[in-house]
Amino acid sequence: MKSQDDTASKKSNFINDLIKADLESGRFDSRVQTRFPPEPNGYLHVGHAKAICVNFNISREYSGVFNLRYDDTNPVTENTEFVDGIFEDLEWLLGETLQREPLHTSTYFDQLYIWAEKLIQDGKAYVDSQDGDTISEQRGGFQKPGTNSPYRERGVEENLNLFREMRSGKFSDGECVLRAKISMDHDNMNMRDPIMYRIRHENHYRTGDDWCIYPTYDWAHGQSDAIEKVTHSLCSLEFDSHRELYDWFLDQLEITGADRPYQTEFARLNFTHTVLSKRLLKHLVEQKVVDGWDDPRMPTLRGFRKRGYPARAIRSFCEHIGVARTNGTHEIELLESFVRNDLNKAAERKMAVLKPLLVTITNWPEGHVETRTAINNPEDDTAGTREVPFSGSLFIERDDFMENPEPKYYRLSPGREVRLRYGYFITCTDVIKDDQENPIEILCTYDPETSGGKAPDGRKVKATIHWVSAEHAIDGSVALYERLFTSEHPGEETGEALDDVNLDSKTLLEGVKLEPSISDLPLGSVVQFERLGYFHLDATGPTFFHRTVGLRDEWANIVKRRKSS
RNA sequence: UGGCCCGUAGUUCAACUGGCAGAACGCCUGGUUUUGGUCCAGGAGGUUGCAGGUUCAAGUCCUGCCGGGCCAGCCA
């Protein structure tokens with residue numbers, strides 16, 4: 001999997017091609033500046049991660065500038081909780097502190113207002129005193145041209161006065177708007193006299209009650225880019241049809257040459273078994289399908305963090321997938337493979353038994369305890385070793401014993417010998433069962449010659465299983481997670497994604513048996529429980545782990561294949 | 001229905017701008033292994049959406065069709 005790391009950085013893509021061309025032509029005097037412009041009305045998710053990485057990496061690669069800009073033009077939905085959350089998640093993702101202070105579209109409200117007056121003065125904008133429904137009707141349809149507003153031909157002075165009255169608070173919400181005067185029969189609906197300002201008597205989290213009119217996205221965005229000297233304004237594909245308007249505004253303001261940014265769209269990120277729309281994510285939180293925005297099943301950045309995904313793995317993933325204009329859906333397994341790949345090298349190994357089954361070694365000296373040396377990380381020589389207590393009473397994984405073994409199952413079963421990792425070879429001699437015929441205790445003998453797991457006679461054993469000494473084990477809890485949505489493309493059947501919610505996506509395991517060294521683990525650690533997967537120690541409860549992702553599992557594949565054939 | 005965008009392995013992307021269609025993930029086989037993990041070697045998988053055209057040569061250029069996406073918020 002080596003190329004998962006190496007190929008990543010310098011992939012060619014159409015945006016890099018554009019930038020190289022701009023550098024060659026000197027279009028921006030050799031400057032490259034990008035930005036990430038989230039609206040602070042929700043938390044960041046993986047889709048945003050791609051946009052962040054694309055913009056950030058470009059600035060890196062061309063020694064340019066990258067800014068975080070809150071696109072805070074709508075006081076109704078935005079608040080500081082999201083502002084702070086976005087900042088925190090962004091720095092976590094990037095793995096570094098932002099070099100520049102975050103910017104805000106609201107900082108430019110004054111300049112935007114001055115420019116709006118200029119447009120009015122130039123006869124390029126007018127105040128429309130109709131209500132929303134009327135304006136909407138007049139916009140026409142896809143093959144039906146719009147009709148002009150009766151207020152479209154108001155004079156400059158009247159427009160100016162009206163606009164100033166709008167600003168001063170004379171009108172109530174919705175009474176009138178400022179519109180760009182372009183064309184009501186344009187093929188591009190966004191060009192049919194788009195709205196520039198609407199009235200909102202609303203407190204803005206930054207500007208307070210300074211304003212009661214707020215600029216729309218279209219009016220604010222390109223101009224904010226220009227004010228900040230952004231060169232490459234990258235956004236997602238659905239803004240394609242807004243580009244014409246973006247350019248139109250810059251034209252009217254005569255922003256040209258090296259000062260004029262241009263918009264380029266690329267495909268946003270989608271995943272199988274996942275929804276990324278703010279509406280749906282919010283629904284999951286509000287209906288308590290999940291335990292908040294940071295639930296480890298959520299595709300939010302804080303959800304991923306809580307689950308134990310390393311930010312570095314998400315970054316590698318984003319670099320790997322590149323940018324294109326093709327809309328598509330990534331397999332969630334690809335992201336998971338990046339997480340495993342990262343954690344395989346970074347995570348220390350521990351032994352933990354999730355579903356304990358008692359093993360008694362009948363020929364073990366009564367009361368005897370040994371200390372075994374275990375390797376912390378076979379992928380990292382510097383990680384060292386640790387001591388693990390071994391005794392005649394152990395827990396093994398319930399799944400590691402099968403009374404009547406299926407073909408190709410080569411873990412423990414009656415009469416069979418396996419290796420206890422770092423311990424001894426043991427052979428199952430007897431099974432003790434409850435009324436329901438469930439094994440509750442396994443009796444084994446051990447071979448004292450196989451200390452450390454090596455047989456001096458060279459005999460081989462098919463399986464090595466993990467274990468925890470019963471009297472030394474510490475108890476903990478583990479949360480196992482499945483996909484939040486059962487279908488690959490949520491809603492593909494019914495059209496409603498929520499119909500495919502997996503209501504059984506979380507399994508809480510109590511009384512999990514952990515090797516003693518886990519009590520020294522700092523909160524926030526992500527470790528590999530050998531043969532099980534990666535787990536994140538979190539403050540959700542005392543000694544509480546979230547399963548980040550399982551290991552690849554050949555046996556599970558065999559079982560699955562057997563079932564489907 | 002009008003306009004715009006997009007169709008290359010199962011999936012996501014490459015293919016130096018017209019020159020033998022490649023990679024990653026997934027899948028399969030084998031090797032190594034004290035994790036059924038990792039690692040290593042190999043394999044299957046393609047009529048480049050379809051049909052024409054230009055050319056010695058087309059994934060790449062042209063035309064038409066088909067399929068998917070986006071656009072009719074005082075959201076972004």
Side-chain angles (χ1 to χ4, degrees), chain A residues 1-4 7-8 11-13 17 37-39 41 71 73-74 76-77 128 131-132 135-137 139-146 173-179 186-190 192 194-200 213-214 216-218 220-221 235-244 265 267 269-270 272 278 320-331 333-338 340-341 344-345 349 351 374-375 378-379 408-411 419-423 425 452-454 461-466 488 528-533 550-558 561:
Chain A
M1 205 193 277
K2 54 183 174 235
S3 22
Q4 213 178 58
T7 45
K11 283 183 90 165
S12 83
N13 62 55
D17 293 346
E39 186 190 12
N41 69 347
D71 209 359
T73 56
N74 187 355
V76 187
T77 55
D128 194 339
D131 62 43
I135 290 175
S136 182
E137 276 164 37
R139 187 139 30 223
F142 289 141
Q143 72 273 58
K144 184 173 145 229
D173 288 10
E175 236 184 297
C176 50
V177 290
L178 184 72
R179 290 230 258 169
H186 203 107
D187 277 340
N188 184 345
M189 300 293 284
N190 294 116
R192 319 250 258 228
I195 283 149
M196 296 169 63
Y197 276 98
R198 69 291 213 194
I199 298 171
R200 291 272 184 283
I213 57 171
Y214 290 92
T216 55
Y217 166 86
D218 283 310
H221 204 87
C235 61
S236 48
L237 247 26
E238 69 264 31
F239 290 99
D240 183 290
S241 60
H242 292 250
R243 189 176 59 237
E244 195 170 7
E265 313 84 25
L269 178 58
N270 293 301
T272 53
K278 266 178 195 167
H320 174 86
I321 60 172
V323 279
R325 295 197 112 239
T326 347
N327 253 319
T329 304
H330 284 267
E331 287 166 343
E333 290 85 352
L334 182 60
L335 208 213
E336 291 172 345
S337 95
F338 272 79
R340 283 196 197 97
N341 188 236
N344 177 48
K345 287 175 211 122
R349 317 281 124 131
M351 288 202 283
I375 295 164
E379 308 292 320
K408 285 196 173 174
Y409 180 88
Y410 46 79
R411 276 110 92 155
R419 171 170 34 234
L420 292 176
R421 176 143 238 226
Y422 303 122
F425 284 16
K454 282 183 281 281
V461 95
K462 271 280 216 178
T464 301
I465 64 175
H466 59 276
E488 262 191 29
Q528 182 194 106
F529 289 161
E530 295 224 23
R531 307 207 306 128
L532 296 174
L551 259 23
R552 276 187 66 227
D553 189 347
E554 172 96 0
W555 173 243
N557 275 356
I558 291 171
R561 234 178 295 145

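Per chain, numbering begins at 1; letters A, B, ... match sequence-line order. These values consider heavy atoms only, across backbone and side chains, with no hydrogens, waters or symmetry-generated copies.
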What's R561(A) touching, base or sugar-phosphate or nothing? Going by heavy atoms closer than 4.0 Å.
sugar-phosphate

Classify Q528(A) by what it touches in the nucleic acid, base, sugar-phosphate, or nothing, heavy-atom distance under 4.0 Å.
base

Are there runs of at least three consecutive Watson-Crick or G-U pairs touching RNA chain B, with each pair's two distances under 3.5 angstrom? Give them by first number.
B:2-7 with B:66-71, B:10-13 with B:22-25, B:27-31 with B:39-43, B:49-53 with B:61-65

Could you state the CG-C1' distance from D187(A) to C4(B), rounded to the nearest angstrom?
9 Å

Roughly how many Å is it from CZ in R531(A) to P in U35(B), rounded to a whole number?
10 Å

On a whole-Å scale, what distance lies between the C1' atoms belonging to U8(B) and A15(B)?
10 Å

Just checking I558(A): base, sugar-phosphate only, or nothing, at a heavy-atom cut-off of under 4.0 Å?
base

Within-4.5 Å side-chain heavy-atom neighbours: Y409(A) and W555(A):
yes

Could you work out, with side chain to side chain contact (heavy atoms under 4.5 Å, CB included) as the rule, every residue matching Y410(A), not counting sequence neighbours?
R416(A), K462(A), A463(A)

Quickly work out the E244(A) CD to A72(B) P distance and round it to whole Å.
15 Å

Using the C1' atom in both, what is the distance from G64(B) to C27(B), to the nearest Å?
39 Å

Quick one: closest heavy-atom pair of T73(A) and A220(A), and the distance?
CG2-CB, 3.8 Å

Do N41(A) and N74(A) make a side-chain contact, defined as non-hydrogen atoms from C-beta onward lying under 4.5 Å apart?
no

Polar atoms only, N or O, under 3.5 Å: list the protein pairs with nucleotides 74-76 of chain B and their distances.
residue	atom	partner	partner atom	Å
C74(B)	OP1	R139(A)	NH2	2.9
C74(B)	OP2	R139(A)	NH2	3.0
C74(B)	O3'	R200(A)	NH2	3.4
C74(B)	O2'	R200(A)	NH2	3.4
C74(B)	N4	Q130(A)	O	3.0
C74(B)	N4	G132(A)	N	3.2
C74(B)	N4	G174(A)	O	3.1
C75(B)	OP1	R200(A)	NH2	2.9
C75(B)	OP2	R198(A)	NE	3.1
C75(B)	OP2	R198(A)	NH2	2.9
C75(B)	OP2	R200(A)	NH2	2.8
C75(B)	O3'	R198(A)	NH2	3.0
C75(B)	O2'	N74(A)	ND2	3.3
A76(B)	OP1	T73(A)	OG1	2.6
A76(B)	OP1	R198(A)	NH1	3.3
A76(B)	OP1	R198(A)	NH2	2.8
A76(B)	OP2	Y217(A)	N	2.9
A76(B)	O3'	D71(A)	OD2	2.7
A76(B)	N6	H242(A)	NE2	3.1

Below 3.5 Å, does any donor atom in the side chain of R411(A) face an acceptor in the base of G36(B), or the other way round?
yes

How about L178(A) and I195(A): do any of their side-chain heavy atoms sit closer than 4.5 Å?
no

Once you round it to whole Å, what is the distance between P of C4(B) and CD of Q143(A)?
14 Å

Check every strand shown and say whether F529(A) touches a base, only sugar-phosphate, or nothing at a heavy-atom separation below 4.0 Å.
nothing

Any side-chain heavy atom of I213(A) sitting closer than 4.5 Å to one from R200(A)?
no

Could you check whether K454(A) gets within reach of a base, just the sugar-phosphate, or nothing at all, counting any heavy atom under 4.0 Å?
base

Integer-rounded Å distance: A24(B) C1' and F338(A) CZ
7 Å

Tell me every residue that passes salt bridge (charged side-chain N to carboxylate O under 4.0 Å, His left out) with D240(A), counting only those two or more places apart in sequence or in another chain.
R243(A), R325(A)

Going by centres under 5.5 angstrom and planes under 30 degrees, do the aromatic ring of F142(A) and the base ring of C71(B) stack?
yes

What is the distance from CG of L420(A) to P of U35(B), rounded to the nearest Å?
13 Å

Is U17(B) in the syn range, within 90° of 0, or in the anti range?
syn

Taking only the C1' atom of each, what is the distance from U11(B) to G45(B) in whole angstrom?
13 Å

Is the backbone N or O of G550(A) less than 3.5 Å from a side-chain atom of R340(A), with the two atoms forming a donor-acceptor pair by type?
yes

Considering only the C1' atoms, how many Å lie between C5(B) and G10(B), rounded to the nearest integer?
25 Å

Syn versus anti for G73(B), judged by chi lying within 90° of 0?
syn

Where along nucleotides 6-11 of chain B does protein come under 4.0 Å, by heavy atom, of base (B) or sugar-phosphate alone (S), with - for untouched nucleotides?
SS--BS

Using a cut-off of strictly less than 4.0 Å, decide whether R340(A) has a side-chain nitrogen or oxygen near OP1 or OP2 of C39(B).
no

Pairwise C1' distance, U48(B) and C61(B) [rounded to whole Å]:
16 Å

Is the phosphate of A24(B), meaning OP1 or OP2, less than 4.0 Å from a side-chain N or O of S337(A)?
no

Would you check if I321(A) and L334(A) make a side-chain contact, meaning some heavy-atom pair closer than 4.5 Å?
yes

Check for a donor-acceptor pair, side chain of T329(A) on one end and backbone N or O of N270(A) on the other, with a separation under 3.5 Å.
no

Checking only heavy atoms, does the side chain of E379(A) share a donor-acceptor pair with the base of G37(B) at less than 3.5 Å?
yes

Value in whole Å for how far the P atom of G31(B) lies from CD of E554(A):
12 Å

Residue pair N190(A) / S241(A), side-chain donor-acceptor N/O under 3.5 Å
yes

On RNA chain B, more 5' by nearest nucleotide between L551(A) and A324(A) is A324(A)

Any T216(A) side-chain heavy atom under 4.5 Å of Y197(A) side chain
no

Using a heavy-atom cut-off of under 4.0 Å over every strand shown, decide if Y214(A) touches base, sugar-phosphate, or nothing.
nothing

Regarding the side chain of N557(A), the nearest nucleotide among C71(B), C27(B), C39(B) is C27(B)

Taking G453(A)'s backbone N and O only, do any of them form a donor-acceptor pair with R419(A)'s side chain (distance below 3.5 Å, no angle check)?
yes

Which is true for V76(A) with a 4.0 Å heavy-atom rule: it touches a base, it touches only sugar-phosphate, or it touches nothing?
nothing

G31(B) versus A14(B) - spacing of their P atoms, nearest Å:
38 Å

Testing U12(B), G37(B), A15(B) for proximity to the side chain of S12(A), the answer is A15(B)

Nearest to the N13(A) side chain among A24(B), A14(B), U12(B), which nucleotide is it?
A14(B)

When rounded to the nearest Å, what value does the distance between P atoms of A58(B) and G52(B) take?
14 Å

Will you find, in the side chains of D218(A) and H242(A), an N or O donor that is under 3.5 Å from an N or O acceptor?
yes

Can you list everything that forms a side chain to side chain donor-acceptor pair (under 3.5 Å) with R139(A)? Sequence neighbours excluded, please.
none

Whole angstrom value for the distance that separates P of G37(B) from NZ of K345(A):
17 Å

Using the P atom as the point on both nucleotides, what is the distance between G67(B) and A24(B), in whole Å?
35 Å

